[in-house]
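Numbering of ligands and ligand atoms starts at 1, following listing order. Note that these values count all heavy atoms, side chains included, but never hydrogens, waters or copies made by symmetry.
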Amino acid sequence: MDNAIARVKDFLEAHRTTAEQFLSEFLAIPSVSADPQHRPDMKRAAEWVAQFFSQMGLAAELIQSPTGHPVVYAETPHCEGMPTVLIYGHYDVQPAEDPTLWQTPPFEPTIRGGAIYARGASDDKGQVLTHLLSVGAWYQVTKSWPLNFKFVIEGEEEVGSSVLEKFLDEQADRLACDCIVISDGNQFGPDQPAITYGLRGIAYFELRVKGPHRDLHSGSFGGTVTNPATALTRMLGQFMTQDGRVAIPGFYDDVLPLSNEERRRLRELPFDEPAFWASLGVETAWGEPGYTVLERRWARPTFEVCGLWGGYQGDGAKTVIPANAGAKISFRLVPHQDPDRIREALLSYLAQICPPGVQYEVIDLHASPAVLTSLDSPYIKAAENAVKMAFSRSPVFTREGGSIPIVSRFQQRLGADVLLLGWGQDDDNTHAPNEKFSLADFHRGTLASAYLWEFIRQIGKATDS
Ligand code: BES
Ligand code: ZN
């Protein structure tokens with residue numbers, strides 16, 4: 001058994017092509033959770049994952065609901081005395097949107113320049129697969145499971161995790177575990193892996209503004225009624241100060257400030273700010289005064305307009321006062337901010353700033369608090385060693401600005417340590433055209449995952465004796 005990990009490594013190397021074929025098959029299924037037209041594809045993707053488990057020798061269960069998308073659940077036979085690891089990921093993907101912006105079609109996975117291009121390549125199918133492949137390889141090589149595993153692969157991460165939340169509320173004891181492993185994020189940079197210890201939370205709303213009961217000729221009626229599009233933009237303009245702080249009273253009340261020690265550690269990360277701006281095609285830095293770019297991205301709350309509509313959008317000019325206007329607005333939250341309190345603060349502020357002559361409605365879209373994980377855990381040490389073995393480089397410790405809504409619920413309900421091991425890169429074009437995932441990272445991620453099981457076994461043994 002002692003050289004098991006060496007044999008697993010050889011096995012993974014010998015089976016790289018098969019691994020890439022599995023990834024291609026998985027990516028070819030357009031599992032867009034937000035689009036009702038893709039409902040059958042969501043089912044196909046869930047079944048593909050279940051089938052993968054059955055090839056691994058595990059029976060998978062689809063946790064269903066009439067409206068949501070299935071969670072695929074599988075577990076290895078319980079072996080007393082071994083740590084239990086819960087692996088979480090998602091098989092749903094973001095909409096591909098304008099196909100003309102893709103160099104190759106979003107659901108025809110294509111390899112170019114060492115990366116596989118397809119919607120979901122990095123977020124999150126490619127990353128999910130690294131863990132399934134590593135556990136499968138361990139089993140093939142040793143004919144036994146290196147640890148107790150529970151797999152939770154959901155189909156609604158991008159749209160609110162309704163089925164999984166219910167599953168977790170109703171059957172938390174089934175998901176009991178010592179450690180939760182998630183790869184649904186990014187490394188710090190090319191060849192610089194990271195262990196992530198924080199995620200921002202989110203409070204996401206649609207704001208609809210309604211004025212006259214029909215569109216009006218802007219010449220005949222302009223100047224006599226409040227224009228909903230103008231009213232909306234005036235309101236949105238009051239959400240932030242000129243220099244980038246959120247202007248809603250009470251918004252910062254609960255924010256957990258960064259400690260000097262953490263600020264010092266973040267400043268030590270090898271972050272190339274000019275390269276960052278260049279990679280985004282922007283000239284000037286902008287953001288909350290008094291904070292570095294990494295602090296703004298990872299540890300400070302924000303307000304963003306994610307979508308905006310109202311009035312005439314076609315060619316040329318059409319003079320009109322639109323009857324309606326709307327916006328999708330999100331707040332990224334940091335530890336200790338409560339999405340419900342943010343919602344209350346938003347509602348009071350809107351009541352205060354809405355001009356007369358229009359009505360508004362706020363629709364809740366997403367709410368999840370931020371996450372901080374403990375770095376003081378034997379699992380973190382195991383992950384650090386595993387990543388080092390596979391990437392030939394020690395990981396740095398980072399936070400992420402994005403959100404994985406179920407994670408804080410996992411922490412609350414299961415009380416297990418969370419390991420966030422993103423194998424992606426910031427330039428993977430997640431949620432954008434031409435999403436990709438580096439095949440080198442796919443294979444290194446799989447190898448790191450295989451080593452992780454070895455190092456967690458060693459913890460298990462250390463505490464047993
Ligand atoms: N994989 C991302 C989250 C992420 C992004 C982690 C960047 C680390 C770095 C995830 O799939 C995602 O996009 N989440 C959404 C959640 C939202 C729809 C509630 C997000 O962050 O916008
Ligand atoms: Zn995503």
Engineer: At what distance is the nearest protein heavy atom to atom 10 (C) of ligand 1, and which residue and atom is it?
Structural biologist: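 Looking only at protein heavy atoms, the one closest to atom 10 (C) of ligand 1 is Glu157 OE2, 3.2 Å.
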Engineer: Look at the aromatic rings of Phe437 and Phe442 and report parallel, tilted or perpendicular, splitting at 30° and 60°.
Structural biologist: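 The arrangement is perpendicular - the two ring planes meet at more than 60°.
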Engineer: Are the charged groups of Glu454 and Lys9 less than 4.0 angstrom apart, N to O?
Structural biologist: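 No, this pair does not count.
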Engineer: With heavy atoms of His90 as the reference, note each atom of ligand 1 found under 4.0 Å away.
Structural biologist: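 Selected atoms, number and element: 11 (O).
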Engineer: Which N/O/S atom belongs to Asp123 and is the closest one to the Zn ion (ligand 2)?
Structural biologist: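 Within Asp123, restricted to N, O or S, the Zn ion (ligand 2) is closest to atom OD2.
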Engineer: Looking only at side chains, do Arg332 and Ser403 share a donor and an acceptor under 3.5 Å apart?
Structural biologist: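 Yes, because at least one side-chain N or O of Arg332 sits under 3.5 Å from a partner of the opposite role on Ser403.
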Engineer: Got a salt bridge between Asp441 and Arg444, using NZ or NE/NH1/NH2 to carboxylate O under 4.0 Å?
Structural biologist: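 A salt bridge is present here (some side-chain N lies under 4.0 Å from a carboxylate O).
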Engineer: Just need the protein heavy atom nearest to atom 15 (C) of ligand 1, so name the residue and atom and give the distance.
Structural biologist: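 Looking at atom 15 (C) of ligand 1, the protein heavy atom closest to it is Ser403 O, 3.6 Å.
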Engineer: Of the backbone and side-chain N, O or S atoms of Glu158, does one lie nearer to the Zn ion (ligand 2) than 2.8 Å?
Structural biologist: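 Checking Glu158: at least one N, O or S atom is under 2.8 Å.
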Engineer: For Glu384, is there an ion pair with Lys381 - N to carboxylate O distance below 4.0 angstrom?
Structural biologist: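 Salt bridge flag = yes for Glu384 with Lys381.
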Engineer: Give the single entry among Arg332, His366, Glu156, Glu158 that approaches atom 20 (C) of ligand 1 most closely by any heavy atom.
Structural biologist: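 Nearest heavy atom to atom 20 (C) of ligand 1 lies in Arg332.
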Engineer: So, His90 and the Zn ion (ligand 2): N/O/S under 2.8 Å, yes or no?
Structural biologist: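 It does not; every qualifying atom lies at 2.8 Å or beyond.
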Engineer: Please confirm whether Asp123 approaches ligand 1 to less than 4.0 Å, judged on its heavy atoms.
Structural biologist: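 Judged by the 4.0 Å heavy-atom criterion, Asp123 does count as contacting ligand 1.
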Engineer: Identify, for atom 8 (C) of ligand 1, the protein heavy atom at the shortest distance, and state residue, atom and that distance.
Structural biologist: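 Going atom by atom, the protein heavy atom closest to atom 8 (C) of ligand 1 ends up being Glu400 CD, 3.4 Å.
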Engineer: His431 versus ligand 1: do any nitrogen or oxygen atoms come within less than 3.5 Å of each other?
Structural biologist: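 There is such a contact, yes.
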Engineer: So is Pro405 close enough to ligand 1, meaning a heavy atom under 4.0 angstrom away?
Structural biologist: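 It does, in that a heavy atom of Pro405 comes within the 4.0 Å cut-off of ligand 1.
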Engineer: Please state which protein non-hydrogen atom is closest to atom 7 (C) of ligand 1 and give its distance, to 0.1 Å?
Structural biologist: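 Sorting protein heavy atoms by distance from atom 7 (C) of ligand 1 puts Gly402 CA, 4.1 Å first.
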Engineer: Looking only at protein heavy atoms, which one is nearest to atom 1 (N) of ligand 1, and what is the separation?
Structural biologist: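 Going by distance alone, atom 1 (N) of ligand 1 is nearest to Asp184 OD1, 2.7 Å.
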Engineer: Any salt bridge between Glu261 and Arg265, counting N to O under 4.0 Å?
Structural biologist: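 Looking at Glu261 and Arg265, the cut-off is met.
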Engineer: So that I can tick it off, tell me whether Glu361 and Lys210 are bridged by a salt bridge, with the cut-off set at under 4.0 angstrom between side-chain N and carboxylate O.
Structural biologist: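 Salt bridge absent between Lys210 and Glu361.
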Engineer: Taking 4.0 angstrom as the limit, do Glu288 and Arg296 come out as a salt bridge?
Structural biologist: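 No, no charged N to carboxylate O under 4.0 Å.
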Engineer: Report yes or no: do Arg409 and Ser161 form a side-chain donor-acceptor pair below 3.5 Å?
Structural biologist: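 Note: Arg409 and Ser161 side chains miss the donor-acceptor criterion.
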